[in-house]
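Reminder, nothing fancy here: chain letters follow the sequence lines and each chain counts from 1.
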Amino acid sequence: MSVLVYVEQAEGKFKKSVFEAVSYAKAIADQQSTHLTAISIGDVAESELKELGKYGASKVLNVNADQLKTFVNQAYASVIAAAAEKESADIIVLSNSFSGKGLAPRIAVKLKAGLADGAVELPSTDGKFSVKKTAFSGKAFAITELTSANKVIALNPNAFGVKENATDAAIEAFSADIKQSDLATVIKEIVRATDKVSLPDAELVVSAGRGLKGPENWGMIEELAGLLGAATACSKPVSDADWRPHSEHVGQTGIAISPNLYIAIGISGAIQHLAGVSSSKVIVVINKDPEAPFFKVADYGIVGDAFEVVPKLIEALKAHKG
Amino acid sequence: MKILVCISNVPDTTTKITFTNDNTEFNTAGVQYIVNPYDEIALSRAIELTEGGKGTVTAINVGEAANDPTIRKALAIGADDAVRVNAAPRDAYFVAKQIAEYAKDKDFDLILTGRESIDYNGNQVAAMVGEFLDIPSISIIKKLTLDGDTATIEREIEGGKEVLTVSGKFIASCAEGVAEPKIPTMRGIMSARTKPLTVVDAVATEEVAKVTRYETPAPRGTVKLIPADQTESLISLLHSEAKVI
């Protein structure tokens, strides 16, 4: 037995969430007294693959085939399942990213494995293999016992943190048979907004709601987010009104996030919104209504008009950064 | 064109979540159940794609008879017929297996689900059904258009989007943007009562996961209020006390 972690790359680079998944998988490997192998698919330089050793991967399987240059769910799942078999890995770890969410269930079926997605802690070690995962959009956690021999875990961003664990990673080329039917989806175009921080794995998020009165007033939100290096988000009424794209909507029917800092501006804090953001480590609320329910879950609050407070906050932040 | 839409029966979004029996069971007392909001988006797109006699939409749910009002809601929104696999849904693997077993010989051209259910927040069913049926699965899509046998799909990725095409049968999980959820009309509600709702037996499936206990998040402390004209204090607290900037 061993642990296998899938390391997702974007344009040849690994993101922090990948190092987090490797750190988490290494901790599980230590728990199980076994070693950790990583599998990377796509065109990644050896120096970048070696980086995985810093976080505890002692071996890296490198899959670099022309058909796998872009993400194809079925084919990637086949390759990862084949790697799990080759490595006799019975625990497979992935990031609970957009791609991970599509991959993990397919791998689970291939390996007849139970899947805990949205994991937030290391598995318990009390004889049963149980994983704490988010449920009810952050209103609760479900302790899920994986009863199958093989197990798949998809780790939530920002749940475990990056932990260095210096190991020398041996890089090994790996290839698996790809069926033609596994390549039925064809990627035509990838559009990345390179200047923006991705919301699901952002450590800092600045979010705004109807209190902003209209899309034309988002400049100061973007400026504040830019200064902090934060992602921008919004409440449901804002995306429903097309002031902001649906991809920025956080809450129970949007994206559930757990950044280190969530700044909510002009959002009252309906139960559905709180459900998606309440696992943020620190919450700051700026709202002119002192009775806004959001203040009940906030760590820091300012009662005041966003149009007066946010520009002052921007100035204070500029002064702080010197 | 025949479309199958998987719908989940979930607590209303305003539900206060509590547990009973020493935190081992979800407390259903007084809880209103609804069609999972993302599944409504999937259902709405399926109805749009088949409008004007271009096909049929079947809604499928894995659950016990208590789910029938939710299934009737899907029929009222516009599904042509519905199927309930008669079993308490155990985990996503079980649910996906039941859906795949039902769908495998029914010749559906397209299967749609919501991007996740708002109860267990699983994103598992769509891709698992895809794997059980050995057809492509595309998760968390934002747009879906069809041109003959080829679908063009926009999918969200970290920090951007991906446009892809797929030909032949596939399953996709829908996020906001795919369609505006439809509201049932009075005519829809009336006709839903007489539309076919078939109940089928579940197939045996191995157990791979089970929820043994629930926890609720620890209550947060009280808010520290900062006067509106002292924003520099907030920055200082976030830096030195909370250590997040």
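For the set Ile135(B), Asn23(B), Val129(B), the count of heavy-atom pairs under 4.5 angstrom toward chain A peaks at Ile135(B). Ranked by heavy-atom pairs shorter than 4.5 Å toward chain A, the options Glu116(B), Lys16(B), Gln230(B), Arg155(B) are led by Arg155(B). Annotation: maximal heavy-atom pairing with chain A below 4.5 Å, among Asn123(B), Ile245(B), Val244(B), occurs at Asn123(B). Chain B forms the most heavy-atom pairs under 4.5 Å with one residue out of Ile286(A), Thr147(A), Ile107(A), and that residue is Thr147(A). Counting heavy-atom pairs closer than 4.5 Å to chain A, the top residue among Val166(B), Leu237(B), Ile235(B), Thr152(B) is Ile235(B). Between chain A and the residues Gly160(B), Ala96(B), Ser137(B), the most heavy-atom pairs under 4.5 angstrom are made by Ser137(B). Heavy-atom pairs under 4.5 Å with chain B peak, among Lys281(A), Glu203(A), Gln74(A), at Gln74(A). Heavy-atom pairs under 4.5 Å with chain A peak, among Ala242(B), Pro37(B), Ala175(B), at Ala242(B). Contact count versus chain B (heavy atoms, under 4.5 Å) is highest, among Pro200(A), Ser97(A), Pro259(A), Gly118(A), for Ser97(A). Interface remark: of the candidates Gly304(A), Gly114(A), Gly301(A), Gly301(A) forms the most heavy-atom pairs closer than 4.5 Å to chain B. Contacts with chain B were tallied for Thr253(A), Asn96(A), Asn73(A), Leu228(A); Thr253(A) has the most, counting heavy-atom pairs under 4.5 Å. Heavy-atom pairs under 4.5 Å with chain B were tallied for Leu115(A), Leu146(A), Val282(A); the largest tally goes to Leu115(A).
For Leu238(B), the part sitting under 4.5 Å from any heavy atom of chain A is the side chain, from C-beta outward, and nothing else. Looking at Lys243(B), neither its backbone nor its side chain comes within 4.5 Å of chain A, counting heavy atoms on both sides. In this structure, the portions of Asp134(B) lying under 4.5 Å from any heavy atom of chain A include both its backbone and its side chain. If you measure heavy-atom distances from Ile140(B) to chain A, the contacts under 4.5 Å come from the side chain alone. Within the 4.5 angstrom heavy-atom criterion, atoms from both the backbone and the side chain of Ile226(B) approach chain A. The contact between Glu232(B) and chain A is made by backbone and side chain atoms together, counting heavy-atom distances below 4.5 Å. Both the backbone and the side chain of Leu225(B) have a heavy atom closer than 4.5 Å to some heavy atom of chain A. Residue Val284(A) touches chain B through its side chain alone, counting heavy-atom pairs closer than 4.5 Å. For Phe26(B), the part lying under 4.5 angstrom from a heavy atom of chain A is the side chain only. In this structure, no portion of Asp91(B) lies under 4.5 Å from any heavy atom of chain A. With a 4.5 Å cut-off on non-hydrogen atoms, Pro219(B) does not touch chain A at all. Using a 4.5 Å cut-off between heavy atoms, Lys132(A) touches chain B through its side chain atoms alone. If you measure heavy-atom distances from Pro136(B) to chain A, the contacts under 4.5 Å come from both the backbone and the side chain. Contact of Thr222(B) with chain A is made through the backbone alone, with heavy-atom distances under 4.5 Å. Residue contact with chain A, scored on non-hydrogen atoms closer than 4.5 Å, involves the backbone of Ser167(B) exclusively.
Nearest heavy atoms, Ser8(B) versus Thr70(B): O-CG2, 4.4 Å. Of all the heavy atoms in Ala113(A) and Lys151(A), the pair that sits closest is CB-N, 3.9 Å. In terms of heavy atoms, Phe294(A) sits closest to Gly269(A) at CD1-CA, 3.6 Å. Here the shortest heavy-atom pairing between Cys6(B) and Ile111(B) reads SG-CG2, 3.9 Å. Taking each heavy atom of Gln124(B) and Pro105(A) in turn, the nearest pair found is O-CB, 3.4 Å.
Between Phe136(A) and Tyr120(B), the ring center distance clears the sub-6.0 Å criterion. Ring-centre distance between Tyr76(A) and Phe71(A): below the 6.0 Å cut-off.
Counting heavy atoms of neighbouring residues, nucleotides and ligands inside a 6.0 Å radius, atom NZ of Lys2(B) exceeds 12 of them. Within 6.0 Å of the NZ atom in Lys128(A), the count of heavy atoms belonging to other residues, nucleotides or ligands does not exceed 12.
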Worked check of side chain to side chain contact (heavy atoms under 4.5 Å, CB included) between Lys97(B) and Glu206(B): CA-CA 10 Å; Lys97(B) 176 77 176 171; Glu206(B) 59 266 58; 5.5 Å; no
CA sep, side-chain torsions, deciding dist, call: Val35(B), Asn9(B), side chain to side chain contact (heavy atoms under 4.5 Å, CB included): CA-CA 5 Å; Val35(B) 178; Asn9(B) 180 53; over 6 Å; no
Verdict with supporting geometry, Lys15(A) and Asp201(A), salt bridge (charged side-chain N to carboxylate O under 4.0 Å, His left out): CA-CA 10 Å; Lys15(A) 288 193 304 183; Asp201(A) 49 15; 3.2 Å; yes
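With sequence neighbours left out, Phe132(B) forms a ring-ring contact (aromatic ring centres under 6.0 Å, His included) with Tyr93(B).
Remark: of the listed residues Val238(A), Thr232(A), Ile255(A), Thr232(A) is the sole one forming a side chain to side chain contact (heavy atoms under 4.5 Å, CB included) with Glu248(A).
Within residues 314-321 of chain A, the residues having any heavy atom less than 4.5 Å from a heavy atom of chain B are, in residue-number order, Ala316(A), Leu317(A), His320(A).
Judged by a 6.0 Å distance limit and a 45° cone about the ring axis, Lys224(B) is not positioned over the six-membered ring of Tyr300(A).
Ionic pairing of Lys182(B) and Glu48(B) is present here: one or more N-O contacts between side-chain nitrogen and carboxylate oxygen are shorter than 4.0 angstrom. In this structure, Glu156(B) does not pair ionically with Lys161(B), as no charged nitrogen and carboxylate oxygen lie closer than 4.0 Å.
Between the side chains of Asp22(B) and Thr24(B), no donor-acceptor pair is found at a separation under 3.5 Å.
Inter-residue side-chain proximity for Asp299(A) and Val223(B) is flagged as unmet; no heavy-atom pair is nearer than 4.5 Å.
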